[in-house]
S.K.: 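Below is the structure I would like to discuss, written out as structure tokens.
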Amino acid sequence: MRAKIYILSVILLVFSFTASAQGDLSMVVGDTPQRNYLNPAFMPRTTYLVIPFIGGIEIGAESSIGYGDILKDHYIDGQQLVKKTKKNNPLALKANLDFISFGVRFRESNMITFSNRIRVAGGIDYPSDIFRFIFDNPVVSSDIFNIKLNSSVMAWNETAVGYTRQIGRYWSVGVKVKYIAGVAALNTNATSFKIDKTVSDYTIQGDVDIMSGNYNMETSEFGTSSIMKNPGVAFDFGGVYASDQGWKVSLAVTDLGFIKWNAENSSRIISRDLSKKYVFKGLGDLNDVFGSASLGDMLDSVYHDMMDAIEVDTLTGTGFTTMMPATLHAGGEYDIRGDNIHNVSLNFLGTFAYKQRFNYSITAGYRYTLPNGRFSAMGALTHKRTDPLALGLGVMANTRGFQFYAATNFSVLALPGCLRNMRSFSLNLGMSVFLGKGRLR
């Protein structure tokens, strides 16, 4: 079972670090088609096409601790690691990669959008007691360790059709309908291990409930041909108000929906009897251990004996439903002189995901644009749930009919050149082609 869970975790992490994102700097960049993902009421100035595969990429991740928090003299400081993870702070992942995206503007005040993307969302809590068990566990003491595994990660393909309409002079509204095809999911539900330690042995009890979507942990098979059998649906809603005095406010809710994972290729690992116990007295004489088998084989044998003793079963044919990571965005921006040269903004982004965890960020940004509109430079400061202060920097170039922007976001704590303090990092790239009369500035 352990190897099967590892395989699925690797699959999901490959998706995550191939195209992952945390924090959306498009809310600072300005007039880009990618901003329509954040709020379907944002209307690009004309018909557009995001360059397939390379036109909408966001890479990044964030953690509540940096590796410099837990190192001392180039070694792991076990007590510091326990202290930093005591509140089960998360490692958060979020991903977006465009396959195709375009919008058609018609009758001046209407736009239809279409996109197909691969996405990942998830969160993993650091299990503090497992670090206490490993690093702060004197041989001559007795103690109780409650190791909780709390994680939820899923990957999916998303096909979205949206409609944006400008109402009168000041308002615009938008809505998107999304068809979801689930790629993979891993939820630990209420999973924990209790270890009662005495001087002579360890008594282990397990409460295991792990769900895998589109991956059969009994046969170690990933459902590459059954992605369309994991259907889901989601909706985006948004509105924007732009005044004559140069300020603009927006509000949106995105990804309200669910994915239904098929029973054909999904599975569940669950405890049959919570009262069952496994007593571990050690590996015996180490000379015998190394003389008869490798240490890895011995540990693997102990692991399987423990799972058998606490009666953990792998069940197939168990479909389930997961909720999408619903996101709330509220923002405002102000054109200081009314000529689109100096713009300031303030944005709030909050996501309901990761086991009902609310992950948020607050971003204050500034954008300078040349009078001819061809080039912009951006800066932003962001406070996140996991990172007290992150710095965002970006540039955007506009030519006749083409737009490119690149933006990055990283921990201010890492500014002195010390990557040991890095808690978050992201890189956003966008490339779009504009068509029609609105492409000329």
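On a predicted model such as this, the values are computed, not experimentally measured, just so you know.
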S.K.: Can you list the residues that meet the side-chain hydrogen bond (donor to acceptor under 3.5 Å, both in side chains) rule with D196, with sequence neighbours excluded?
M.R.: none
S.K.: For a 4.5 angstrom cut-off between non-hydrogen side-chain atoms, does T164 reach N36?
M.R.: yes
S.K.: So, taking the atom named CG in L38 and the one named OG1 in T254, what distance separates them when rounded to the nearest 0.5 Å?
M.R.: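 So the CG of L38 and the OG1 of T254 are separated by 7.0 Å.
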S.K.: Answer yes or no: is there a donor N or O on one side and an acceptor on the other, between the side chain of S266 and the main chain of M211, under 3.5 Å?
M.R.: no
S.K.: According to salt bridge (Lys or Arg N to Asp or Glu O under 4.0 Å), who are the partners of D207, at least two apart in sequence or on a separate chain?
M.R.: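 With sequence neighbours excluded, D207 shows a salt bridge (Lys or Arg N to Asp or Glu O under 4.0 Å) to no residue whatsoever.
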S.K.: Are the charged groups of R268 and D209 less than 4.0 angstrom apart, N to O?
M.R.: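 Answer for the salt bridge query: yes.
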S.K.: Quick one: side-chain hydrogen bond (donor to acceptor under 3.5 Å, both in side chains) partners of T191, sequence neighbours excluded?
M.R.: none
S.K.: What orientation do F42 and H329 show, parallel under 30°, tilted 30 to 60°, or perpendicular over 60°?
M.R.: tilted
S.K.: Under the ring-ring contact (aromatic ring centres under 6.0 Å, His included) test, which residues partner F102, sequence neighbours left out?
M.R.: F114
S.K.: Distance-only, no hydrogens or angles: does the N230 side chain make a donor-acceptor pair with backbone N or O of A181 under 3.5 Å?
M.R.: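 Pair absent, no side-chain N/O of N230 close to backbone of A181.
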S.K.: List the residues meeting side-chain hydrogen bond (donor to acceptor under 3.5 Å, both in side chains) with S250, not counting sequence neighbours, and say none if there are none.
M.R.: none
S.K.: Please identify each residue that fulfils side-chain hydrogen bond (donor to acceptor under 3.5 Å, both in side chains) with D98, with sequence neighbours left out.
M.R.: Y37, R117
S.K.: Could you label the plane-to-plane angle of the F320 and W261 rings as parallel, tilted or perpendicular, counting under 30° as parallel and over 60° as perpendicular?
M.R.: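 F320 and W261: parallel rings.
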S.K.: Between R119 and D255, is there a side-chain N and carboxylate O pair less than 4.0 Å apart?
M.R.: yes
S.K.: For T382 and T363, test the side chains for any donor-to-acceptor distance below 3.5 angstrom and give the result as yes or no.
M.R.: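 Present: a donor and an acceptor within the cut-off.
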